[in-house]
Every structure is written in structure tokens, then in C-alpha cells.
Amino acid sequence: MTTPDNFDARRFKALERSGFNRIAARYADGAPLRAGLQAALLEAAGLAPGEKVLDLAAGPGLLARDAARRVLPDGWVLASDIAENMLAEGQQRATAEGLPDLLAAACDAEHLAFADASVDVALIGLGLFIFPDPAKALAELHRVLRPGGRIALSVWGPRDAVPLIARAQDCIARLLPPPKVARPTVFRLGEPEVLTTLLGKAGFGDVSITPHTFACRFDSADDYWQAFLDLAGGAAESLSRLPDAMQARLRAAVADDLASHRDGDGYVLDYTVLVATARR
């Protein structure tokens, strides 16, 4: 697990917050693309009625809302994220879905404003690799979990097993200079041994890691590119500031690179994630 030498955690967090705040509604609208992953993570978490659940890097509450349906009314779910617009989007959708009891708190994952031993289960869906210091975030989760409490999380697998993300990143790297705000790779936790070691150093035991592979279908290359932007947070924020001509070049390059994923009238791209569980 590595970070760039010129990495600036404060600037990175600010860009991520800005990016995810801007795409909150579209990120939520893209939930069907991640339905299989969400189901796998919740199954691994094994939530029970009455449990107290913290969903970290919750975004617009996609995972939190499904978790709430499993633990309410005697338990509760608290959705936490650094991007307040994401949480607000999630609250609106929770209310519309008849879940007005979903809690939310804007918070930095590396500095959680929650009491020691206050939750039974912690969830992190595709979020741990975004944190500048994943070890610090896990240490904070270890603190807020009760003894015997558990964590369930998902991360992208190895880069070669995630063309869903890698194809877009390849085009960006080929056409653009390195970003001014350096970014850790989203694949840095994609090897089971790396994730196992990280969880162990944070004090977690009984670690189990299972790979899951899913497929996403897109009707066009433009649909794929938009779906990537709707997931990309800070990267999407930076790309939105590019001149229109460069944005058009990127879309064209993506269309060329997707040729090998053609399936009938559309495109199919696989992605592998690691779903990990562990106990405090």
C-alpha cells in the first residue's frame, strides 16, 4: 500500500469533498450498477434486528438504507461521510422511502466524533481506499466498536481485475498530465494480504476476505464514461474543469478503448471486489 511522495492529505480531502458534493444525486441514481456488491456486503455483515450500525463513507446512504431495513426499529443506522451534500441526498431519499429514522453525521473518517464502544457493526462500502490514511480510519473504527463488534467492508480488487475503472483511468493517464492534487491509487488495497495486514495492525481479528466478481452493462461508451464520472468524486471534479475540447478527446479515447468489451449493441465490463469481515 503506497501513497505518492507529493501527497497532500488536506488538499486531497477538500477535492474529494467538493467532487462528491457535486455528484451526489447522480451517484445515488447509479445504485443499480452496484446492487450485487451491496447485497454481498450486507450478507457478509450479517446484520440482526436491534443492532447499532455505523456506515462510514456512506455517500447518499445506499448501503445505510438497506442496513436500516434490517435493524430497525430497535436498532439504528448512522450514515457518516465527509461530503454533506451526499448525506443530505441520502436523507431525502430515506424519507421518501419511509425511513425517516436514518441518522446522518458529516465527519472525517480519520477523526470520528463518536463515543468509544458505541456501535455493534461498522460498514465501509468502497471507501477505505479513498481515505488518505486507511490505518488511522480503521483505528478509529476499532475505538468506536464495542468489544466483539465487527466490521464489513469492500474494496476494489487488483487493477487488472477491475476494467470498469481501469479503462477510464488508462485514457486519463494517456491524455492528461499527472494531477496537481496527487491521488493514491484506488487499487492499493486490492490484494488480500495487504488488506489482511492492515486490519490486523488496527487490532482486528478473525479476518475473512472473499473476492466477488460482477458485470456492468452499458448501452454506449458515453454511458460508461458518465457512470465513471458519477463514481469518481475528486477525479470527476478535476475533469469537470477541463476545456470542452479535452473532455471530447477523453470521451473519444474511452470509446476506442472499450472496443474489446463490445457485447451486442452495448458494452459489458467486469469488476472484482474484495469483501472483508473482521472482529474487534
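Sequence positions, counted from 1, serve as the residue numbers for this chain.
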Query raised in the report: Could you go step by step and tell me if V207 and L195 meet the side-chain contact (heavy atoms from CB on, under 4.5 Å) rule?
Result: CA-CA 9 Å; V207 177; L195 190 54; over 6 Å; no
Query raised in the report: After noting the C-alpha distance and the side-chain angles of M246 and L176, does the key distance pass the side-chain contact (heavy atoms from CB on, under 4.5 Å) rule?
Result: CA-CA 9 Å; M246 178 53 73; L176 298 178; 3.7 Å; yes
Report task. Kindly indicate, with the supporting measurements, whether the criterion side-chain contact (heavy atoms from CB on, under 4.5 Å) is fulfilled by L33 and F218. Result -> CA-CA 10 Å; L33 289 175; F218 303 94; 4.0 Å; yes
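Taking 4.5 Å as the limit, every side-chain heavy atom of L269 sits out of range of all side-chain heavy atoms of F228. In this structure, L126 and W156 have side chains that are in contact, with non-hydrogen atoms separated by less than 4.5 Å. Proximity of N85 to Y27: side-chain heavy atoms (C-beta onward) are nowhere separated by under 4.5 Å. No side-chain heavy atom of L63 sits less than 4.5 Å from a side-chain heavy atom of R34. In this structure, the side chains of L250 and L242 come closer than 4.5 Å at one or more pairs of heavy atoms. By the 4.5 Å heavy-atom criterion applied to side chains, I151 and I124 are counted as neighbours. Looking only at side-chain heavy atoms (C-beta outward), R251 and Q247 stay at 4.5 Å or farther from each other. Counting heavy atoms from C-beta outward, V162 and V186 have side chains that stay 4.5 Å or more apart.
Within the 3.5 Å criterion, the main-chain N or O of D263 finds a donor-acceptor partner in the side chain of R217. Within the 3.5 Å criterion, the main-chain N or O of A109 finds no donor-acceptor partner in the side chain of E140. Side-chain N or O atoms of R167 include none that pairs as donor or acceptor with a backbone N or O of V254 at under 3.5 Å. Remark: the backbone N or O of G125 is not paired with any side-chain donor or acceptor of S154 at under 3.5 angstrom. Distance alone, capped at 3.5 Å, places no donor-acceptor pair between the T272 side chain and the T213 backbone. Between the side chain of Q91 and the backbone N or O of L102, at least one donor-acceptor pair lies under 3.5 Å. Judged by distance alone, the side chain of R280 and the main-chain N or O of H142 form a donor-acceptor pair under 3.5 Å. Between the Y267 side chain and the C216 main chain, no donor and acceptor come within less than 3.5 Å of each other.
In the hydrophobic clustering, where aliphatic and aromatic side chains (Ile, Leu, Val, Met, Phe, Trp, Tyr) are joined below 4.5 Å either directly or transitively, L99 groups with L72. Hydrophobic cluster membership of V268, counting Ile, Leu, Val, Met, Phe, Trp and Tyr whose side-chain heavy atoms lie under 4.5 Å apart directly or via other members: none, as it forms a cluster of its own.
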Which donor-acceptor pairs under 3.5 Å do side chains of residues 37-58 form with protein atoms, sequence neighbours excluded?
unit_1 : atom_1 : unit_2 : atom_2 : d
Q38    : NE2    : L62    : O      : 2.9
Q38    : NE2    : D66    : OD2    : 2.7
E51    : OE1    : A48    : N      : 2.9
E51    : OE1    : R150   : NH2    : 2.8
E51    : OE2    : R150   : NH1    : 2.9
E51    : OE2    : R150   : NH2    : 3.1
D55    : OD2    : A64    : N      : 3.3

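With rounding to the nearest 0.5 Å, the separation of CZ in R174 from CG in D257 is 4.5 Å. Atom-to-atom distance recorded for L198:CG and F129:CZ is 13.5 Å, nearest 0.5 angstrom. Taken from OG in S220 to CG in D265, the straight-line distance is 11.5 Å, to the nearest 0.5 Å. The distance from the CG atom of D170 to the CG atom of L175 is 10.5 Å, given to the nearest 0.5 Å. Taken from CG in L112 to CG in L78, the straight-line distance is 9.5 Å, to the nearest 0.5 Å. In this structure, CD1 on I209 lies 8.5 Å from CD on E193, to the nearest 0.5 angstrom.
Minimum interatomic distance between L138 and F204 (heavy atoms only, all atoms of both residues): O-CE1, 3.6 Å. The shortest heavy-atom contact between L274 and P192 is CD1-N, 3.8 Å. When all heavy atoms of E237 and S18 are compared, the pair lying nearest together is OE2-OG, 3.1 Å. A pairwise comparison of heavy atoms in A236 and R22 identifies O-NH2, 3.1 Å as the closest pair. When all heavy atoms are compared, the tightest approach of A24 to M86 is CA-SD, 3.3 Å. Minimum interatomic distance between A276 and L199 (heavy atoms only, all atoms of both residues): CB-CD1, 4.2 Å.
Sparse packing is recorded around CG of D219, with 12 or fewer heavy atoms of other residues, nucleotides or ligands lying under 6.0 Å away. Around CZ of R249, the count of heavy atoms belonging to other residues, nucleotides or ligands within 6.0 Å does not exceed 12. Around the CZ atom of R10, the shell of radius 6.0 Å holds no more than 12 heavy atoms that belong to other residues, nucleotides or ligands.
Using cut-offs of 30° and 60° on the angle between ring planes, the pair Y271 and F214 is tilted.
Between D108 and R17 there is no salt bridge, since no side-chain N of the basic residue sits under 4.0 Å from a carboxylate O of the acidic one.
At a threshold of 4.5 Å between side-chain heavy atoms, the hydrophobic network of Ile, Leu, Val, Met, Phe, Trp and Tyr places F7 and I82 in two separate groups. L87 and F114 fall into different hydrophobic clusters, where Ile, Leu, Val, Met, Phe, Trp and Tyr residues are linked whenever their side-chain heavy atoms come under 4.5 Å apart, directly or through other members.
Counted by atom type alone, Q226 and D230 present one or more donor-acceptor pairs between their side chains at under 3.5 Å.
With sequence neighbours excluded, no residue forms a ring-ring contact (aromatic ring centres under 6.0 Å, His included) with F187. For D116, the salt bridge (charged side-chain N to carboxylate O under 4.0 Å, His left out) test picks out R143, with sequence neighbours left out. In terms of the side-chain hydrogen bond (donor to acceptor under 3.5 Å, both in side chains) criterion, residue partners of R93 (sequence neighbours excluded) are, by chain and number, D29, E89.
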